[in-house]
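Atom set for the values below is all heavy atoms of this structure, side chains included, hydrogens, waters and symmetry mates excluded. Chain identifiers are assigned alphabetically (A, B, ...) following the order of the sequence lines, protein sequences preceding nucleic acid strands; residue numbering begins at 1 within each chain. As the structure is a prediction and not an experimental result, all values here were calculated from the model.
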Protein chains: 2
Amino acid sequence: MNPLDSARWSGSEPRTQDPCLGCASKRFGICHPLDTSALDEISHDSDRHCLPAKSVLFREGDAATRSYSVLEGTVKLSRLLPDGRQQVVGFRFRGDLVGYTAGPNYPFDAELLTPGQFCRIERGKLDTLLRRYPLMERRVLDMCLGELAATQEHLVTVARRSAESRVAAFLLGLSEAHRRRGLAQPELPMPMTRGDIGDFLGLTLETVSRTFTAFKRAGWIAEPGGQKLRILDMGMLQSLAAGEMADI
Amino acid sequence: MNPLDSARWSGSEPRTQDPCLGCASKRFGICHPLDTSALDEISHDSDRHCLPAKSVLFREGDAATRSYSVLEGTVKLSRLLPDGRQQVVGFRFRGDLVGYTAGPNYPFDAELLTPGQFCRIERGKLDTLLRRYPLMERRVLDMCLGELAATQEHLVTVARRSAESRVAAFLLGLSEAHRRRGLAQPELPMPMTRGDIGDFLGLTLETVSRTFTAFKRAGWIAEPGGQKLRILDMGMLQSLAAGEMADI
DNA sequence: CGTGTCCTTGATACACATCAAATAGGGTGG
DNA sequence: CCACCCTATTTGATGTGTATCAAGGACACG
């Protein structure tokens, strides 16, 4: 399971890039398995939001009263540590559900890295919907199992792999997450800073920067600018992620 | 959320230490919220198993055809890395559900550290039960959300904390997990080896051993032998886990 | 009593953190 | 269009926490 991509589209239908109809778009996110009447009800209970980059959806410790289905944009989930550093727990993309958690308070901050659109729904209403529509509850359970597997995978990466391996694994994960959603563009959008990546991988931003430089010099990736990244040697990144040492 | 204790008993009822009636014990594990007729059906679909220490419930990559509700014993979940090392993803105790995962194959090994008892159920049958009993599905979702939060918490520990902090956090988590279940015994059972703990915390067994020695010398813990551990200065462990440095 | 497994302890090495400073890029206002 | 500022990035020099390598000791078990 890809640590950056916890959502799994059920079935294998190609993603249509239909204009986004909101949460109540039949083929989208948690609403994917629902019929028309259910979608109608959801439209009543939820509402659309557009937010600029750097907006905060919620903060660690806030009462977890709302959940967000991501329609567009990239979200960073992070925990603050007592010493002021942060640990990025994950990134979320189109189709993911954010903020539906165990316990009464959010366990992490959720912050936008890009402008984004969301379908926002009150926790209580979502619970009611889940009771009413078993298919939806089942879908949420599946997404949760997926997130769990992804987080475990990421745990392995952080606990055991070298800096090189971690960065390679991150790039592959990001690529996979985007491939799953939109059409596979050769240019991968990468809105996160070196600092974000470091906080995700358990490295300092300097180490991340050095590793990116090394990968670029070796010709395995390129950064054409504009928050974009291009993977030039996928195979090499795969061997690195698997743990084979490169003598750069 | 405690990274060693993903299960959360709903409500706050004190755990009765009733003789274990199997999975179909009303107040237990995933069956906790069910009524009598549901428990009857489950009794038909599942069966009890007793296994000695070091038994393997399943291996990473096996077809995920069965799930196990832990009635008694400690289970180690671990992933094998290409270089032969392992990462322990978590420990599971009484009341936890093991092996109900996203995807068609188990993503980790499950191995007994102590003798154990389990309620085993076919994946397909469990899925059917979940469809039939929404309360049970809801309970599984809650447990999954709990596991997710616990794994994220553990991720922070492994990615960001010093060896001392990690070991302190591990001991506190273990203590909490046991407090939640049985009566709080002063002697904490600790069936895992230094190697297991190291593989859980992203440390080598030598580092874990040194840290235990230091903690014992400082008088914060004691090991009376027989796989038991006693915490003598909970407060000190808490400050260590929170990240305050001790000059041992 | 031997053998295997786990644990402890010491000496040394190294990958990455930390500290420091220069450079690049992107947006804003004059 | 340019000057400025702020943030992100790069690069270098140095330090250190933990891994690694190595060897001996404790304990359980047959």
Side-chain angles (χ1 to χ4, degrees), chain A residues 52-54 76 81 83-87 111 113-115 157-168 170 190-218 221-229 240 243 245-248, chain B residues 52-54 76 81 83-87 111 113-114 157-168 170 190-217 221-229 240 243 245-248:
Chain A
K54 302 195 182 180
K76 178 180 79 172
L81 297 160
D83 61 3
R85 294 178 306 174
Q86 66 171 3
Q87 173 64 35
E111 189 184 325
L113 295 182
T114 64
T157 297
V158 165
R160 288 292 171 201
R161 298 209 230 265
S162 70
E164 267 180 19
S165 284
R166 294 186 216 187
V167 173
F170 166 77
M190 198 182 64
M192 48 290 275
T193 67
R194 305 290 191 243
D196 292 332
I197 299 169
D199 288 337
F200 181 60
L201 297 175
L203 299 168
T204 59
L205 66 90
E206 292 94 331
T207 300
V208 174
S209 175
R210 281 184 241 271
T211 310
F212 267 82
T213 308
F215 284 11
K216 279 187 278 191
R217 270 208 258 276
I221 62 172
E223 286 188 297
Q227 318 259 67
K228 292 269 186 285
L229 182 130
L240 279 175
M245 287 292 137
D247 28 327
I248 314 186
Chain B
K54 302 195 182 181
K76 179 179 79 172
L81 297 161
D83 60 5
R85 294 178 306 174
Q86 67 171 1
Q87 173 64 34
E111 189 183 326
L113 296 182
T114 63
T157 297
V158 165
R160 288 291 172 200
R161 298 210 232 263
S162 69
E164 269 180 19
S165 284
R166 292 185 217 188
V167 173
F170 166 76
M190 199 183 63
M192 48 290 276
T193 68
R194 304 289 191 242
D196 291 332
I197 299 169
D199 288 338
F200 180 59
L201 296 175
L203 300 169
T204 58
L205 67 92
E206 292 94 331
T207 300
V208 174
S209 175
R210 281 184 241 271
T211 309
F212 267 81
T213 308
F215 284 10
K216 279 187 278 190
R217 271 207 258 276
I221 61 172
E223 286 188 297
Q227 317 258 67
K228 292 270 187 281
L229 182 130
L240 279 174
M245 288 292 137
D247 27 327
I248 316 187

Regarding A:Gly202, tell me which of base, sugar-phosphate or nothing describes its non-hydrogen contacts under 4.0 Å with the strands shown.
sugar-phosphate
What one should report as the nearest heavy-atom pair of A:Leu240 and A:Ser165 is O-OG, 2.7 Å
Are the side chain of B:Thr211 and the backbone N or O of B:Glu164 linked by a donor-acceptor pair below 3.5 Å?
no
Span of DNA chain D engaged by chain A, first through last nucleotide within the 4.0 Å heavy-atom cut-off, is D:dT9 to D:dA13
Legend entry - Main-chain N/O of A:Ser209 paired to A:Thr213 side chain as donor or acceptor, under 3.5 Å: yes
Terminal axes of the helix from C:dC1-D:dG30 to C:dG30-D:dC1 (5 end pairs apiece), angle rounded to 10 degrees, sit apart by 40°
At 4.0 Å (heavy atoms only), tell me whether A:Gly226 reaches a base, stays on the sugar-phosphate, or touches nothing. nothing
Side chain to side chain donor-acceptor pair (under 3.5 Å) filter on A:Glu223, not counting sequence neighbours, yields A:Arg194, A:Lys216
On a heavy-atom basis, the closest approach of B:Phe212 and B:Ile221 is CD2-CD1, 3.8 Å
The salt bridge (Lys or Arg N to Asp or Glu O under 4.0 Å) partners of B:Arg160 (sequence neighbours excluded) come to A:Asp199
Taken in chain and number order and not counting sequence neighbours, the residues that satisfy salt bridge (Lys or Arg N to Asp or Glu O under 4.0 Å) with A:Arg161 are A:Glu153
In B/S/- notation (B base, S sugar-phosphate only, - none; protein heavy atoms under 4.0 Å), nucleotides 6-15 of chain C written 5' to 3' is -SBBBB----
Next item on the list: List the steps and the verdict of side-chain contact (heavy atoms from CB on, under 4.5 Å) for B:Leu81 and B:Gln86.
Entry: CA-CA 6 Å; B:Leu81 297 161; B:Gln86 67 171 1; over 6 Å; no
Q | Verdict with reasoning, B:Lys76 to B:Asp196, per side-chain contact (heavy atoms from CB on, under 4.5 Å) | A | CA-CA 8 Å; B:Lys76 179 179 79 172; B:Asp196 291 332; 2.9 Å; yes
Given 3.5 Å as the limit, does a donor-acceptor pair link the side chain of B:Thr114 with the main chain of B:Ala53, or not?
no
